[in-house]
Protein chains: 2
Amino acid sequence: MPWDTNHKHKSRQRILEAAAQLFVVRGFDGVGIDDVMQQANMTRGAFYSHFKSKSELYHEAIPVAGFIAKEQLEAGCSNSFNVLKHNYLNQHKGDDDTQLCPIALLISDIRHRDPAIRETYEKVFAGFVEYINSHVNERSAALAQAATMIGAVALAQTLTDESLKAELLAACEAATGCEQD
Amino acid sequence: MPWDTNHKHKSRQRILEAAAQLFVVRGFDGVGIDDVMQQANMTRGAFYSHFKSKSELYHEAIPVAGFIAKEQLEAGCSNSFNVLKHNYLNQHKGDDDTQLCPIALLISDIRHRDPAIRETYEKVFAGFVEYINSHVNERSAALAQAATMIGAVALAQTLTDESLKAELLAACEAATGCEQD
DNA sequence: GTCTATAATCGGATAGAC
DNA sequence: GTCTATCCGATTATAGAC
């Protein structure tokens, strides 16, 4: 690969990773091109030689965010499914550079975006359900557990009362727990 | 009450109800003062004799939206708790003028707002949990059911695949079902 | 209290130099 | 490819007439 092509690819990747992190934390409207490019160590003008629009960036950032979140979740624990669920529910306690779950954090952001974006989000969600299903071996239970865990994480992000937050997460862990590993 | 005071009160109420509906459907950033005032049959200039800012309006609109949603939910069904849960999960199928649940639809919008707004949202959520708790009589189960139902409705709003949406809602209904009425 | 008109700002997107 | 500078539309908020 020629040097400048490689350079372009790396720049694009930096933009994408910055976007994945920022969009998940602040939502589509909370992030400007400036913010993303600053975090990627470039200026706004350079953005448009990599992406057509902010929408396109968001579209591509969602699976990147999903991939990074899954990687970090699996790195932080053993192979036990119950431990994994516990870590998922407590993801907000992780390091500052932890990539939170885009399914939960963008859940009411996605509805306002265009159909292509929604379909991409839907695929990430479907992968999440499949992952649970591979452990519980019952699709209906997997769907309900997915809703519970995603709902719990999304709600936890809204709550200011720490004891209520802890109570909610513990309740959801208990309600979805006790599969064999 | 003097006529003009009553008139002011009615105008304020119209603004509040328009805001409750629009914010829940489109989120904070998706709604302009213009949109709200147009739906309330006024123009933008009049807004600021009723509210200090868009943020203040949003703050006040959340409990209004919660109240209207609860009213409509209870009107549409018998006293059975299982029927109520079914109707909650299928609220998107209601009339066009149905007020959807602000807890579910604003779930990832709230995090970006100021603390006063988050606390108000939290109180509406706490009321939701209390309501469930009065039927299941076990707080941990009530919290988990709340997360499942809210998560399910929020997810359903994101999905474009109708069969996946139906499958998800049915799974969550089954998982939270079977309390005595 | 409600209107029209306007100020002020912010952010997405483009142009052109290097 | 990346930069600086700029355009442009949208939107919050205010001013002043009625």
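Basis for what follows: all heavy atoms, side chains included, without hydrogens, waters or symmetry-related copies. In what follows, every chain begins at residue 1, and chains take the letters A, B, ... in the order their sequences are listed.
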Between atom [atom1] in [X] and atom [atom2] in [N], what is the gap in whole Å?
X: Phe47(A); N: dC3(D); atom1: CZ; atom2: P; answer: 14 Å
X: Asn41(B); N: dG1(C); atom1: CG; atom2: C1'; answer: 15 Å
X: His50(A); N: dA13(C); atom1: NE2; atom2: P; answer: 16 Å
X: Arg44(A); N: dC10(C); atom1: CZ; atom2: P; answer: 12 Å
X: His7(B); N: dT2(C); atom1: NE2; atom2: P; answer: 5 Å
X: Asp34(A); N: dA5(D); atom1: CG; atom2: C1'; answer: 13 Å
X: Glu56(A); N: dG12(C); atom1: CD; atom2: P; answer: 15 Å

Given [N], is OP1 or OP2 found less than 4.0 Å from the side-chain N or O atoms of [X]?
X: Ser53(A); N: dG12(C); answer: no
X: Tyr48(B); N: dA13(D); answer: yes
X: Thr43(B); N: dC3(C); answer: yes
X: Ser11(A); N: dG1(D); answer: no

Report the relative orientation of the aromatic rings in Phe81(A) and His135(A); use parallel for angles under 30°, tilted for 30 to 60°, perpendicular for over 60°.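 Ring orientation, 0 to 90° scale: parallel.
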Notebook entry, point to check: Would you call the rings of Phe51(A) and Phe47(A) parallel, tilted or perpendicular, where under 30° means parallel and over 60° means perpendicular?
Noted result: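 Rings of Phe51(A) and Phe47(A): parallel, under 30°.
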*asked:* We want to know whether Gln21(A) and Gln99(A) form a side-chain donor-acceptor pair, criterion being a heavy-atom distance below 3.5 angstrom.
replied: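 No, no side-chain donor-acceptor contact under 3.5 Å.
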Base, sugar-phosphate or nothing for Gly45(B)? Non-hydrogen atoms, less than 4.0 Å.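 Touches a base.
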Discussion item. Please classify the nucleic acid contact of Val36(A) as base, sugar-phosphate, or nothing, using heavy-atom distances under 4.0 Å.
Written reply: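 The residue Val36(A) makes no contact with any strand.
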Tyr88(A) and Phe128(A): ring-ring contact (aromatic ring centres under 6.0 Å, His included), yes or no, with the steps? CA-CA 12 Å; Tyr88(A) 181 84; Phe128(A) 187 86; 5.3 Å; yes
